[in-house]
Amino acid sequence: MSLEYVSTRNNQTKITASQAILKGLADDGGLFVPTEIPALSCSLEALSKMNYQEVAYEVMKCYLTDFTEEELKHCINSAYDSKFDTEEIAPLAKVGDVYYLELFHGATIAFKDMALSILPHLLTTSAKKNQVKNEIVILTATSGDTGKAALAGFADVPGTSIIVFYPKNGVSPIQEKQMITQKGANTHVVGIKGNFDDAQSGVKAMFNNKELAEVMDKTGYQFSSANSINIGRLVPQIVYYVYAYTRLLAHGEVKDGEKINVVVPTGNFGNILAAYYAKNMGVPIQKLVCASNENKVLFDFFRTGTYDKNREFILTSSPSMDILISSNLERLIYLIAGEDSAKCTELMKALSEKGSYSITDDMKAKLADFTGGYATETQTAEMIKETYEKENYIMDTHTAVAGYVCREYQKNSGDTTKTVVASTASPYKFTRSVMSAIDSKYADMEDFALVDELNRLSGVDVPNAINEIRTAPVLHDIVCDKTEMQATVEKILGL
């Protein structure tokens with residue numbers, strides 16, 4: 001069966017998966033979605049006997065139907081290899097009575113590696129399939145993790161170049177060092193004076209600029225995206241929720257068909273949306289728990305049915321969730337609106353013009369699978385400290401938000417369903433916040449001294465991603481105002 005893709009803002013024009021991956025964002029500003037969510041083509045029992053790469057193929061072939069078996073397997077095997085420090089790729093750690101799905105064993109020690117290790121291969125394969133002659137310019141905004149994972153994925157990939165914008169004072173010191181030391185002749189990193197939403201809005205504006213597209217085409221370039229707005233990012237993320245369930249099944253932790261809950265620390269909404277897609281493919285997921293930090297725009301949305309970004313933007317110790325415009329929510333809005341692209345367009349226009357929108361009661365009723373919670377900075381730090389002291393397990397700040405929300409949800413609801421928490425980054429990526437949470441005596445230590453102390457406390461080897469940047473020279477030092485993003489891109493590309 002051939003699966004086609006449409007824009008959330010115009011579902012009349014259908015394109016192939018490879019065309020959707022190449023474009024990244026639809027011409028009308030919408031996001032690409034499949035015309036239906038396919039069912040898994042083999043049983044969970046059969047999947048439980050497969051390794052990560054085999055599960056990835058079984059899931060992704062349902063979505064990327066214009067890729068041949070050989071093409072898709074090549075992309076998967078090129079992505080999920082020795083770049084990951086464990087053959088399991090995404091192991092489950094049982095901590096107390098909760099299962100933490102560790103998504104940080106890739107090259108840049110964050111969950112973004114799960115999709116961004118494969119996206120360059122999907123993109124270059126898509127370019128060949130569609131006879132693209134232009135150089136593909138990956139244009140991306142990051143709140144911390146996507147940037148480095150995308151840079152690492154696309155570094156020196158022929159026929160591509162990559163430009164990453166990040167909020168200059170809105171990422172952790174380790175996150176920034178990872179980006180600004182990135183090697184690769186085709187990589188460009190720019191700090192902006194503004195926050196992540198400013199960076200994301202600037203990138204979207206360039207994607208929607210038809211005159212810029214024409215100038216680029218004349219000079220042999222075209223944009224694509226490595227952000228989670230690209231369907232080529234979302235599809236690989238579905239895999240690890242299917243894989244997590246099948247590991248629980250393989251290890252006898254659940255019976256076939258037994259339901260689980262999933263808790264996801266959420267910023268741009270892509271990661272939890274992937275879990276929703278997995279549920280709709282046939283994975284027995286009961287509740288999807290959306291965990292927010294103090295920028296709790298999603299928590300408020302699930303509680304009230306009104307999405308309102310008109311609020312103070314708070315810089316927290318979980319910067320990858322410091323987001324007020326959760327782009328991927330648009331895909332869910334489209335689905336709960338009954339795939340009504342006119343309704344979706346109307347709501348997104350209200351968000352753009354007024355900064356808020358409210359969904360109908362009928363749409364709200366379709367969100368019954370979701371619930372939300374949030375953690376303050378104090379609660380996040382307490383979760384890290386308590387988990388270390390009780391379970392001898394050290395988690396990063398984003399995972400701690402999800403862990404806290406999970407605990408509160410279980411306590412308040414009485415729901416004893418077995419639960420998987422998405423653990424989205426290594427604690428080594430946020431050493432200062434993590435170590436300060438464990439003991440205030442670490443607050444004044446130097447970053448790499450903290451790395452060594454974390455190694456001593458946890459007994460977990462220092463990841464290669466951290467050792468690499470200890471002495472790496474700064475290769476990218478451009479900083480621009482949020483109003484100068486397009487001019488900066490034009491200068492980089494020599495337009």
Side-chain angles (χ1 to χ4, degrees), residues 51-53 55-56 59-60 76 79-81 83-95 98-119 142-150 152-153 174-175 178 226 228 233-248 260-278 283 285 288-291 318-321 328 387 393-403 405-406 419-430 434 460 463-466:
N51 65 19
Y52 192 88
Q53 293 83 348
V55 172
V59 174
M60 292 174 69
I76 288 166
Y80 305 114
D81 58 8
K83 288 189 290 294
F84 288 80
D85 65 18
T86 169
E87 282 185 16
E88 286 181 279
I89 308 296
L92 278 171
K94 191 170 186 185
V95 182
V98 172
Y99 303 89
Y100 283 85
L101 178 63
E102 293 186 345
L103 301 172
F104 53 75
H105 288 273
T108 76
I109 59 175
F111 82 102
K112 307 292 169 83
D113 288 323
M114 302 301 295
L116 284 164
S117 296
I118 194 169
L119 183 62
T142 184
S143 55
D145 287 337
T146 287
K148 173 60 182 180
I174 297 272
Q175 284 177 313
Q178 280 188 299
S228 56
R233 274 278 303 272
L234 184 64
V235 170
Q237 289 183 278
I238 301 166
V239 173
Y240 49 73
Y241 292 107
V242 178
Y243 180 75
Y245 188 86
T246 63
R247 287 326 88 179
L248 292 173
I260 63 166
N261 290 338
V262 173
V263 185
V264 187
T266 311
N268 219 8
F269 206 73
N271 200 359
I272 194 165
L273 182 70
Y276 179 75
Y277 271 62
V283 178
I285 295 171
L288 297 143
V289 184
C290 179
S318 45
S320 300
M321 298 157 68
N328 271 289
T387 307
Y393 184 80
I394 301 181
M395 58 178 69
D396 93 294
T397 45
H398 304 74
T399 307
V401 167
V405 167
C406 173
T419 301
V420 169
V421 172
S423 181
T424 52
S426 164
Y428 280 104
K429 199 147 192 166
F430 301 94
V434 168
V460 175
N464 191 40
I466 299 296

So do [Y] and [X] actually touch side chain to side chain, heavy atoms under 4.5 Å?
X: Leu116; Y: Leu119; result: yes
X: Ile285; Y: Ile260; result: yes
X: Asn464; Y: Asp85; result: no
X: Ser117; Y: Phe84; result: yes
X: Asn261; Y: Val263; result: no

Looking only at non-hydrogen atoms, find the nearest pair between [X] and [Y] and report the distance.
X: Met321; Y: Thr266; result: CE-N, 3.6 Å
X: Val264; Y: Ala402; result: C-CB, 4.5 Å
X: Phe430; Y: Ala425; result: CE1-CB, 3.7 Å
X: Val421; Y: Gly403; result: CG1-N, 4.4 Å
X: Gln175; Y: Pro319; result: OE1-CG, 3.5 Å
X: Ala56; Y: Ile76; result: C-CD1, 3.8 Å

Under the side chain to side chain contact (heavy atoms under 4.5 Å, CB included) test, which residues partner [X], sequence neighbours left out?
X: Tyr99; answer: Leu92, Lys94, Leu248, Glu253, Lys418, Val420
X: Asn51; answer: Gln53, Glu54
X: Ala115; answer: Arg233, Pro236, Gln237
X: Ala465; answer: Ile109, Gln178

Residue list, ring pair (Phe, Tyr, Trp, His ring centres under 6.0 Å) with Tyr243, at least two apart or on another chain: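 Tyr243 satisfies ring pair (Phe, Tyr, Trp, His ring centres under 6.0 Å) with Tyr52 once adjacent residues are dropped.
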
For Tyr241, ring pair (Phe, Tyr, Trp, His ring centres under 6.0 Å) partners two or more places apart: none

From CA spacing to verdict: side-chain contact (heavy atoms from CB on, under 4.5 Å), Ile174, Lys148: CA-CA 11 Å; Ile174 297 272; Lys148 173 60 182 180; over 6 Å; no

Looking at [atom1] of [X] and [atom2] of [Y], how far apart are the two atoms once the value is rounded to the nearest 0.5 Å?
X: Ser320; Y: Asn271; atom1: OG; atom2: CG; answer: 11.0 Å
X: Ile394; Y: Thr399; atom1: CD1; atom2: OG1; answer: 12.5 Å
X: Tyr276; Y: Leu288; atom1: OH; atom2: CG; answer: 8.5 Å

What residues, two or more places apart in sequence or in another chain, satisfy side chain to side chain donor-acceptor pair (under 3.5 Å) together with [X]?
X: Asp113; value: Thr108
X: Asn328; value: Ser228, Arg331
X: Tyr393; value: Glu102
X: Thr246; value: none

All salt bridge (charged side-chain N to carboxylate O under 4.0 Å, His left out) counterparts of Asp81, not counting sequence neighbours: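 With neighbours one apart ignored, the set is Lys83.
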
Exam field: side chain Tyr80 to backbone Met114, donor-acceptor pair closer than 3.5 Å: yes

Tyr428 side-chain N/O to Val460 backbone N/O, donor-acceptor pair under 3.5 Å: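 Yes: the side chain of Tyr428 pairs with the backbone of Val460.
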
CA sep, side-chain torsions, deciding dist, call: Leu103, Leu101, side-chain contact (heavy atoms from CB on, under 4.5 Å): CA-CA 6 Å; Leu103 301 172; Leu101 178 63; 3.7 Å; yes

Test log, rule side-chain contact (heavy atoms from CB on, under 4.5 Å), inputs Ile118 and Met60: CA-CA 11 Å; Ile118 194 169; Met60 292 174 69; 3.6 Å; yes

Side-chain donor-acceptor pair present, Ser318, Thr397, cut-off under 3.5 Å: no

